[in-house]
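All remarks here apply to the structure that follows.
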2 protein chains.
Amino acid sequence: MPPARKSALSSGSSSVQDYVKVIYAFTEWQDKPITSSQLAVRLGVANSSVSEMVRKLVDLQLVDHRPYSAIELTSAGRRLALTMVRRHRVLETFLVQELGYAWDEVHDEAELLEHTVSDTFINRMAAKLGDPQRDPHGDPIPSADGTVHVPHAVQLEELDGGHTGRITRISDADADLLRFFSSEQIRLDDRVEVVGRRPFGGALVVRFGPSGSARELDLGDQAAAALWVHSDPHPGCLLAS
Amino acid sequence: MPPARKSALSSGSSSVQDYVKVIYAFTEWQDKPITSSQLAVRLGVANSSVSEMVRKLVDLQLVDHRPYSAIELTSAGRRLALTMVRRHRVLETFLVQELGYAWDEVHDEAELLEHTVSDTFINRMAAKLGDPQRDPHGDPIPSADGTVHVPHAVQLEELDGGHTGRITRISDADADLLRFFSSEQIRLDDRVEVVGRRPFGGALVVRFGPSGSARELDLGDQAAAALWVHSDPHPGCLLAS
DNA sequence: GGCAAAATTTAGGCATGCCGAAATATTGGG
DNA sequence: CCCAATATTTCGGCATGCCTAAATTTTGCC
């Protein structure tokens, strides 16, 4: 008889969880599926390790993959990924709201804990926090049944001069950047207006804060890409409506 | 040059932590150091696995061991063990007090989490809980600097008829037993009086609860060994004082 | 004191995940 | 359209921690 295929229902090893989570994260904001080497870079492992593990993920029916082509999650894989994302974001919210962690301190701790906590633990923790819809960086928290509502948002970078909006998400990929935002008092839900760009590919000039006491600031590309805003309808568009 | 000995300052792998914790736990209530095979039983691994790992622990300077003799913690080993015990008991307290876990549900979850949390996490969690002195089963929680105060207590089993006392500790080794105690409304700090023993090695008869509305109960050996009491001064002893 | 039983250690293997190097497949520029 | 650069997979190895089976040492009983 054929070797029994292991159940994809269990949450898999810590490594399996990491792979699936990174595959998911890649497609959360782009529509192209991730390639083997991109996955290797993001996980900090060798390409050969990815090839091996992807074979295992296929066997677990968590991803679809033909040799030499990109890697895509199956529905079971997506389910597992969403479980991990929920765990991560609930934990981050808890660390900030209940244990007084700073913004930039929570990622690594959550990264470790997410592999260890039970679903019961996360669900009770979420309930205690009032079932938050987003984490301290504005990332949406999937519900226990695996549904997410990703709010409409664009990177500040992509907005033209004159546009205004509200910050709905601040990427936690770079802890230094988070500390910079803290020091500049840039927070979730702050209003923001794009003033313009310095000439010759220079910094983005933006105005932050409540319309009364706004501060003008130059942002580099990295910073401007890390801030996601819900854009207000543009004056020009209003004419069309 | 000789192979560099790995630093014993880091907390070691999850397995190392488990070994050290079990070695410590064995001597917490007995003074004989643990043997290789006892360690194997408590960890649920083969004797050969213990031999191997003990060699590693010696190399990490966490235990002292000569072949074929018992295993004892070094001061670094004891320090690590107390760290793990603190983590475990703070986590258990949190699960019960903040997440509404029942008594008998916390052990396994804490067992997993204790290997993953940071010291910062535990210390902030302990602070939030008001730096509790003991966990939900009455076990003392070591302080962050590695000191423990183990309260005086004897197993209920060992008390003679007529003695009274207060329950200060309920072993969490057996979840079924914890559920039994719950169902019988036996709780930490309850007063208890040993009435006597059923004849021919029978059950221990005890009276529980506030002196007004006490319930009498037969306890088997397992149950009587799991309950630790702070014994009141015995009437006979009072004469001597 | 010696010998069998019990405890312990050593030897050889397995699974997981990682690596670097070598082989193979795909791709794009000329 | 072909060949070199790039991407991907295969191969042999390493480390950790576990196993069973086979030595080896200790212990206790006669």
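Reminder, nothing fancy here: chain letters follow the sequence lines and each chain counts from 1. Predicted, not measured: the structure shown is a model, and the values here were computed from it.
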- [ ] For D:dT9, take OP1 and OP2 only and decide whether either is under 4.0 Å from a side-chain N or O of A:S51.
- [x] yes
Open item on the list: Can you measure B:R66 atom CZ to C:dT9 atom P for me and round it to whole angstrom units?
Closed with: 11 Å
Open item on the list: Looking at D:dT8, I'd like to know if its phosphate oxygens (OP1 or OP2) sit under 4.0 Å from a side-chain N or O belonging to A:S37.
Closed with: yes
Task: Between P of D:dT8 and CD1 of A:I34, the distance in whole Å - done: 10 Å
- [ ] Could you tell me whether the side chains of B:H115 and B:D18 share a donor-acceptor contact shorter than 3.5 Å?
- [x] yes
Task: Atom pair distance, as rounded to whole Å: NZ in A:K32 and P in D:dA7 - done: 17 Å
TODO: Write down the distance between CD (A:E52) and P (D:dC14), rounded to a whole number of angstrom.
DONE: 15 Å
TODO: Please work out if B:S15 contacts a base, only the sugar-phosphate, or nothing of the nucleic acid, heavy-atom cut-off 4.0 Å.
DONE: sugar-phosphate
Open item on the list: Side chains of B:E72 and B:H65: any donor to acceptor distance under 3.5 Å?
Closed with: no
- [ ] By nearest nucleotide on DNA chain C, pick out whichever of A:P67 and A:N47 is the more 5' one.
- [x] A:N47
Task: Given C:dG20, D:dT8, D:dC18, the nucleotide with the shortest approach to the side chain of B:M53 - done: D:dC18
Task: Over 12 foreign heavy atoms within 6.0 Å of CD, A:Q222 - done: no
Open item on the list: Between A:Y19 and C:dT16, is there a contact of a side-chain N or O with OP1 or OP2 at under 4.0 Å?
Closed with: no
Task: Whole-Å distance separating the CG atom of A:L57 from the P atom of C:dC18 - done: 10 Å
- [ ] Scan B:S36 against the nucleic acid and name what it touches under 4.0 Å (heavy atoms): base, sugar-phosphate only, or nothing.
- [x] sugar-phosphate
Task: Atom-to-atom span, CZ of B:R55 to P of C:dT8 - whole angstrom - done: 15 Å
Open item on the list: What contact category does B:A46 fall into here, base, sugar-phosphate, or nothing, at under 4.0 angstrom with non-hydrogen atoms?
Closed with: base
- [ ] Measure the distance from CG on B:L60 to C1' on D:dT16 and round it to the nearest whole Å.
- [x] 13 Å
Open item on the list: Looking at A:Q133, I'd like to know if its CD atom is crowded, meaning that more than 12 non-hydrogen atoms belonging to other residues, nucleotides or ligands lie closer than 6.0 Å.
Closed with: no
- [ ] Take atom CG of A:D18 and atom P of C:dG17, then tell me their distance rounded to the nearest Å.
- [x] 11 Å
Task: From D:dC18, C:dG17, D:dT16, nucleotide with atom closest to B:K56 side chain - done: D:dT16
Task: C:dT10 OP1/OP2 closer than 4.0 Å to side-chain N/O of B:Y68 - done: no
Open item on the list: Under a 3.5 Å distance rule, please check whether B:R124 uses its side chain to pair with a backbone N or O of A:G100 as donor and acceptor.
Closed with: yes
Open item on the list: Less than 4.0 angstrom between a side-chain N/O of A:S48 and OP1 or OP2 of D:dT9, yes or no?
Closed with: no
Task: Distance below 4.0 Å between B:S13 side-chain N/O and D:dT16 OP1 or OP2 - done: no
